[in-house]
There are 2 protein chains.
Amino acid sequence: MTTVLVVDDQPLQRYGFRMLLDSVPETEVVGEAAHGAEAVRKAAELRPDVVLMDVRMPGMDGIEATRRIVAAGDRSRVLVLTTFDIDEYVYAALRAGASGFLLKDARPEELLAGIRAVAVGDAVIAPALTRRLLHEFARLVPPGGDGSAEDPRLSSLTDREREILVAIGKGWSNGEIAGRFVLSESTVKTHVGRVLSKIGARDRVQAVIFAYDHGLARPHGG
Amino acid sequence: MTTVLVVDDQPLQRYGFRMLLDSVPETEVVGEAAHGAEAVRKAAELRPDVVLMDVRMPGMDGIEATRRIVAAGDRSRVLVLTTFDIDEYVYAALRAGASGFLLKDARPEELLAGIRAVAVGDAVIAPALTRRLLHEFARLVPPGGDGSAEDPRLSSLTDREREILVAIGKGWSNGEIAGRFVLSESTVKTHVGRVLSKIGARDRVQAVIFAYDHGLARPHGG
DNA sequence: CGGCGGGTAGTACCGCGGTACTACGCGCCC
DNA sequence: GGGCGCGTAGTACCGCGGTACTACCCGCCG
């Protein structure tokens, strides 16, 4: 038996969910909440297996409520529902720790399957959203090692030049690079010049951008 | 009617898929391939709506075959199947352009639902994999704009300064920024100087790095 | 042997970038 | 009114960065 907390500011919507979930033996609605604050409170009190969370609500929205419920660490999984598949909602919800994201136009069996999956620790994403999520994901995953053809400009760099480019990507000045690599600044300048010419960059600023775009430099966040 | 090309090195496995897919009216297996090279060839020849692709195969593997089929641009969608949910497979497959990734232990209706979704342009991920994918995704998605506390250095920037920082992140020179923003170069220098001082960067190179690390500049790939 | 790619190093030149400082118009608020 | 934040603009200065060109050493290969 999977216990569910239904969060939505529209009573009729909550009623619909309750009818659906209580109509099957495996799920049971143990509570309802009309806004984020109430959701957080009831989640802590009722400790449901799954929280069915609407995004758009007056006061505290579903994203913030999700963040707090997940942060509370009561093992409740949050399945976010929304009418609109706005990208920001999806990313924000996932970052907030949601275990799933479905559209309200999902068929009943899809919703039930989603709740089942979430309840056992899996995650679900509406197929229509998955496509964009994957596209975004592929863009974010660092290239390399997966066999995809490397940019010819990158391949044209010698090992040394690649090191120099990485160093540029760290924000080091020519003098700093010379120091760390135990080289003369003249040599560094020679390398830098060759790197810029090979990758088609006008100056080291564009080289940094190139390095980031090609995975030679990685965000260190914060 | 959805046409499907089944790719697997094991004849018995192909037989199973064909039986399943031909047992329902909405899908039809129009061809089979035993390895990557054959898959690429037959995909170009038969132009199926969906390619059901095994990962592990002798010779050209499913990933490389996926890459080539997608690159061919024949509008065939690739649904990758594997027995093992090795992370690298998933990421590599998605980067290769696969529209979906399912485990072979999926229930028949799940597989059919997956093919349906892929055929109409959506994407599917096995729930068990989705969880890890989301976790990874949340890690990769840059902070900012989603409610999480923003870096105080970033918040201290005025709107104008933020625009300037973005422009720096594009690799523009002061002169170019002045031209595009219709400003004098002096003004740009003033802004740049303030930006550098506020974010604690020594020069515009480090500003670019800051911009990337904080999601103000985004890779444009390639 | 000679040639070539790669790494190292130097000199000379110039311009963009960054800093310091001043200045003014504007909207806002006490 | 006076102050303040913000955006705008200017002048002056200097140094790092980028370019052009030359040069030498090393390992490899035809």
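Reckoned from all heavy atoms, side chains included, excluding hydrogens, waters and symmetry mates. In what follows, chains are A, B, ... by sequence order, proteins preceding strands, each numbered from 1.
- Remark: A/Arg56 engages no residue in a salt bridge (Lys or Arg N to Asp or Glu O under 4.0 Å) (not counting sequence neighbours).
- Under the side-chain contact (heavy atoms from CB on, under 4.5 Å) criterion, A/Ser184 pairs with A/Ser186, A/Thr187, sequence neighbours left out.
- Not counting sequence neighbours, the partners of A/Arg68 by the side chain to side chain donor-acceptor pair (under 3.5 Å) test are A/Glu64.
- For residues 180-198 of chain B, proximity to DNA chain D is found at B/Leu183, B/Ser184, B/Ser186, B/Thr187, B/Thr190, B/His191, B/Arg194, defined as any non-hydrogen atom under 4.0 angstrom from a strand atom.
- Taking every heavy atom of residues 158-166 of chain B and every atom of DNA chain C, no pair lies under 4.0 Å.
- Every residue two or more places apart in sequence or in another chain that forms a side-chain contact (heavy atoms from CB on, under 4.5 Å) with A/Lys104 is listed here: A/Asp8, A/Gln13, A/Asp54, A/Leu81, A/Thr83.
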Only distances under 3.5 Å count here; give the side-chain donor-acceptor pairs of residues 35-45 of chain A to other protein atoms, sequence neighbours excluded, each with its distance to 0.1 Å.
from: A/Glu38; atom 1: OE1; to: A/Ala34; atom 2: N; distance (Å): 2.9
from: A/Lys42; atom 1: NZ; to: A/Glu32; atom 2: O; distance (Å): 3.1

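- Partners of A/Lys198 by salt bridge (Lys or Arg N to Asp or Glu O under 4.0 Å), not counting sequence neighbours, listed by chain and number: A/Glu161.
- Checked against salt bridge (Lys or Arg N to Asp or Glu O under 4.0 Å), B/Arg47 has the following partners two or more places apart in sequence or in another chain: B/Asp74.
- Nucleotides of DNA chain D with any atom under 4.0 Å from a heavy atom of chain B span, from 5' to 3', D/dC6 to D/dT11.
- Among residues two or more places apart in sequence or in another chain, the side-chain contact (heavy atoms from CB on, under 4.5 Å) test is passed with B/Ala106 by B/Glu110.
- Shown here are the side-chain contact (heavy atoms from CB on, under 4.5 Å) partners of B/Ile199, two or more places apart in sequence or in another chain: B/Leu157, B/Leu165, B/Val195, B/Ala201, B/Ala207, B/Phe210.
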